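Below is one structure, written out as structure tokens, with a few remarks after it.
Remember, predicted model here, so these are calculated numbers, not experimental data.
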Amino acid sequence: MTSAATALPRLGVGIGWRAEIDTVVERLPGLDWVEVVAENLCLDQLRAGHLPESLRVLRERGVTVVPHGVALGLGGAELPDPERLSRLATAAQALDAPLVSEHLAFVRAGGVEAGHLLPVPRSRDSLRVIAENVRIAQQELPVPLALENIAAHLAWPEDEFTEGEFLAELVERTGVRLLVDVANLHTNRVNLGLDVAAELDRLPLEAVAYVHVAGGIEVDGVWHDTHAHPVTEPVLEALARLCERALPPGVLLERDDHYPPPAELAGELDAIRAVLEGRLEHV
């Protein structure tokens, strides 16, 4: 098991690789790394050593590629699925990735797929189950695992911890790394009244592997984490608040739909760099 204190390489500023914008991603100036959804890769091709052409080009250029899972469901009561773990492990090896990431969420129960990343009850019983699932995953993965906080539209009545407390306890028990999604923190602030600054103070920031930034939209008082709209100022402010506490090893822009012109994507990456550079000026 890899300890949260184990140093990982600095990733820099990156973007989520999507097949729809693969050539755009290749041409973005100053790109340090990309993240690819593991479920979007063909497992048989990975096992045969074949990558999508764009990812091959990026790898040959020295761009780091990190696999990001969306369907493992470590927050469920069932043990992690061996085939899904194998996909993550195979992707990590094929991409020579320094780590893999997944969500702290449950996505299925009793064989029924939710079709969504659902929040876990932040209870002691839930923590015990999730910690065991994380340990199993860590044993099967060849690289460190980072878990992402999700965007939620509900909270469970049996919650005994805040989000930050729950993540901190999970890190303490398992040594898992954290993928902090500041857009999801903003979502939970709008939808659930989460105090972003207080939760950042509760997180073990030394365990942060990298950070997600994404856009969304508010409709009738509910924030939707769409990944299809421009990044808003409150999300960049949440990133800045995190950077005031600790400079993350990497920050990644997510975009999954309604892709803007390349210049707009580059501009959003520049806005992220400006936040990081503002933090560096005060180090």
Side-chain angles (χ1 to χ4, degrees), residues 2 4 8 11 14-17 33-40 65-76 80 84-85 88 91-92 97-107 114 116-120 122 126-127 130-131 133-134 137-138 141 143-153 161-171 174-189 191-192 194 196 199-200 202-216 223 225-227 231 235 238-239 242 246 248-256 272:
T2 302
L8 289 174
L11 295 168
I15 192 169
W17 182 91
W33 68 292
V34 300
E35 178 193 76
V36 58
V37 175
E39 286 79 1
N40 289 347
V65 183
V66 172
H68 181 56
V70 298
L72 191 54
L74 291 173
R84 296 181 191 277
L85 275 175
L88 273 177
L99 76 158
V100 298
S101 59
E102 246 292 354
H103 299 83
L104 180 56
F106 77 85
V107 297
H116 196 68
L117 296 167
L118 298 173
V120 301
R122 294 194 297 267
S126 177
L127 181 61
I130 293 171
N133 286 347
V134 169
Q138 289 170 318
L141 294 170
V143 293
L145 169 67
L147 289 183
E148 178 182 355
N149 58 300
I150 69 164
H153 292 274
F161 301 90
T162 71
E163 187 165 46
E165 290 168 343
F166 194 83
L167 290 168
E169 185 62 28
L170 190 59
V171 169
T174 67
V176 74
R177 305 293 298 224
L178 296 179
L179 162 48
V180 178
D181 190 316
V182 292
N184 291 349
L185 290 178
H186 172 66
T187 301
N188 296 345
R189 181 189 70 79
N191 296 347
L192 304 175
L194 179 138
V196 172
E199 294 311 299
L200 287 173
R202 294 181 175 112
L203 289 176
L205 296 181
E206 70 280 0
V208 173
Y210 63 97
V211 172
H212 271 173
V213 173
W223 188 266
D225 180 47
T226 63
H227 297 189
V231 175
V235 172
L239 174 63
L242 186 154
V251 182
L252 183 121
L253 172 66
E254 291 186 292
R255 187 76 180 222
D256 291 302
I272 291 170

Got a second to check how far Arg177's CZ is from Glu206's CD, nearest 0.5 Å? 8.5 Å
Heavy atoms of Val171 and Ala207 approach each other most closely as CG1-CB, 3.9 Å
Quick check: closest heavy atoms across Leu72 and Arg84, and the distance to 0.1 Å? CD1-CB, 3.6 Å
Approximate separation, where rounding is to 0.5 Å, of Phe106 CZ and Asn133 CG: 13.0 Å
Under a 4.5 Å cut-off applied to non-hydrogen side-chain atoms, are Pro98 and Val143 in contact? no
Tell me the closest heavy-atom pair linking Pro248 and Leu242, and the distance in Å. CD-CD2, 3.9 Å
Indicate yes or no: at least one non-hydrogen side-chain atom of Glu35 is less than 4.5 angstrom from one of Tyr210. yes
So do the side chains of Leu104 and Glu148 get within less than 4.5 Å of each other, counting heavy atoms only? no
Flag, side chain of Glu102 to backbone of Val70, donor-acceptor distance under 3.5 Å: yes
Are any non-hydrogen side-chain atoms of Glu199 and Glu165 less than 4.5 angstrom apart? no
Take Trp17 and Val37 through the test side-chain contact (heavy atoms from CB on, under 4.5 Å) and record every step on the way to the result. CA-CA 8 Å; Trp17 182 91; Val37 175; over 6 Å; no
Search all heavy atoms of Ile150 against all heavy atoms of Ala105 and return the closest pair with its distance. CG2-CB, 3.9 Å
Look up atom OG1 in Thr187 and atom CG in Asp181, then write down how far apart they are to the nearest 0.5 Å. 7.5 Å
Can you tell if the side chain of Trp33 reaches within under 4.5 Å of the side chain of Val66, non-hydrogen atoms only? yes
Would you say the rings of His227 and His212 are close, in the sense that their centroids are separated by under 6.0 Å? no
Using side-chain heavy atoms (C-beta onward) and a distance below 4.5 Å, is Ser101 in contact with Leu145? no
Restricting to non-hydrogen atoms, name the atom on Leu192 and the atom on Ala152 that form the minimum distance, rounded to 0.1 Å. CD1-CB, 3.8 Å
Okay, side chain of Glu39, backbone of Ala71: is any donor-acceptor separation there less than 3.5 Å? yes
Does the side chain of Leu194 come within less than 4.5 Å of His186's, by heavy atoms? no
Is the backbone of Leu170 close enough, under 3.5 Å, to the side chain of Thr174 for a donor and an acceptor to pair up by distance? yes
Heavy-atom side-chain proximity of Glu163 to Leu185 below 4.5 angstrom: yes
What distance separates Phe161 CZ from Leu127 CG, expressed to the nearest 0.5 Å? 5.5 Å
Taking Asp225 for the side chain and Gly216 for the main chain, is one N or O donor matched with an acceptor at less than 3.5 Å? no
When rounded to the nearest 0.5 angstrom, what is the spacing between NE2 in His68 and NE2 in His103? 3.5 Å
Atom CG of Leu147 and atom CD1 of Ile130: how far apart are they, to the nearest 0.5 Å? 9.0 Å
